[in-house]
Amino acid sequence: MTILSMIDPAWAIACAFIFSLCVGSFLNVVIHRLPIMMEREWLAEHNEDSNEQEPFNLSIPASACPQCAHKIRWYENIPVLSYAYLRAKCSSCGLHIPFRYPFIELFSAVTVAYIVYLFGLNEISLSLSLLTWGLICLIFIDIDHQLLPDKLTFPLLWLGLLANSFGLFTSLESAVYGAIAGYLSLWSVYWAFKLLTGKEGMGYGDFKLLAALGAWAGISQIPLIILLSSVVGAVLGIAMIIGKKQEQQTPIPFGPYLAIAGWIALLWGDKITGAYLQFVGL
Ligand SMILES: [Zn+2]
């Protein structure tokens, strides 16, 4: 990594921003298509006469307008710029393009540029970027479908263990115990809640996501991630109630809060814990 460390930091951050903007464009595809692919797989497994399906994956069919089927040309597919150039409308039928698409691209670009700003161009930034992209997909799929696909949580879990086999964020031992503690802590909350109220408070995807975050951040950060996810949940929940008059009935998925809390704990966990211990005078 010696050649990479010779690159001017400002230049590295700018390149990371642009590269992650393009990855963000692909994340939009994953967020939209992965749940559809999973549904089609499920239907194909449970239904014998459905094998005449058109191929559908992350690259086929080409992106098209959902209303007029206008094929999106390459210059209409440039992150953020095309959205501005098209003025948030399909060039063929004028269908409104949701702000969410450029938002996810910018979200991806800003977070990864910030990671490169903090750590420089190295294996820590590379692994954190992969985690960030995975978490962005999970956040928006969970918001849309109340679902955290194994196809995303499991690779993140393996990747966390792999990163920590090189000791990038914590020891391998702490990562393994973190994964187990992450799964079991929410699993016990789930069963306690179910036995007490007869209701299901969260899904198995939440346990797997916290297991993955535990594999990245290590067992010592699990309490902080749980605490932070409640804080993030409360702050965003109140903001949503004030902003959109969110109905009490709508189920709010827990995955996004866990993902944001895990990301914060991984980047600033030690600082937050240090500041807290100083605050209480330890
Ligand atoms: Zn259209």
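Indexing begins at 1, ligand by ligand and atom by atom, following the structure's order. Computed from a predicted model, the values in this text were never measured in an experiment.
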Neighbour count >12 (heavy atoms, 6.0 Å) for atom OH, Y114: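 More than 12 within 6.0 Å, yes.
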Atom pair OH/NZ of Y83 and K89 - distance to nearest 0.5 Å: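 Separation between the atoms: 10.5 Å.
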With sequence neighbours excluded, residues passing ring pair (Phe, Tyr, Trp, His ring centres under 6.0 Å) with F107: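 Counting only residues at least two positions away or on another chain, F107 forms a ring pair (Phe, Tyr, Trp, His ring centres under 6.0 Å) with F103.
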D270: salt bridge (charged side-chain N to carboxylate O under 4.0 Å, His left out) partners, not counting sequence neighbours: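 Counting only residues at least two positions away or on another chain, D270 forms no salt bridge (charged side-chain N to carboxylate O under 4.0 Å, His left out).
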Salt bridge (charged side-chain N to carboxylate O under 4.0 Å, His left out) partners of K151, counting only residues at least two apart: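 With neighbours one apart ignored, the set is E41.
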Environment of the Zn ion (ligand 1) in terms of protein N/O/S atoms, cut-off under 2.8 Å: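 Hits for the Zn ion (ligand 1) below 2.8 Å: C65 SG, C68 SG, C90 SG, C93 SG.
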Positive for side chain to side chain contact (heavy atoms under 4.5 Å, CB included) with I141, one of I136, L148, L152: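 Among I136, L148, L152, the one meeting side chain to side chain contact (heavy atoms under 4.5 Å, CB included) with I141 is L152.
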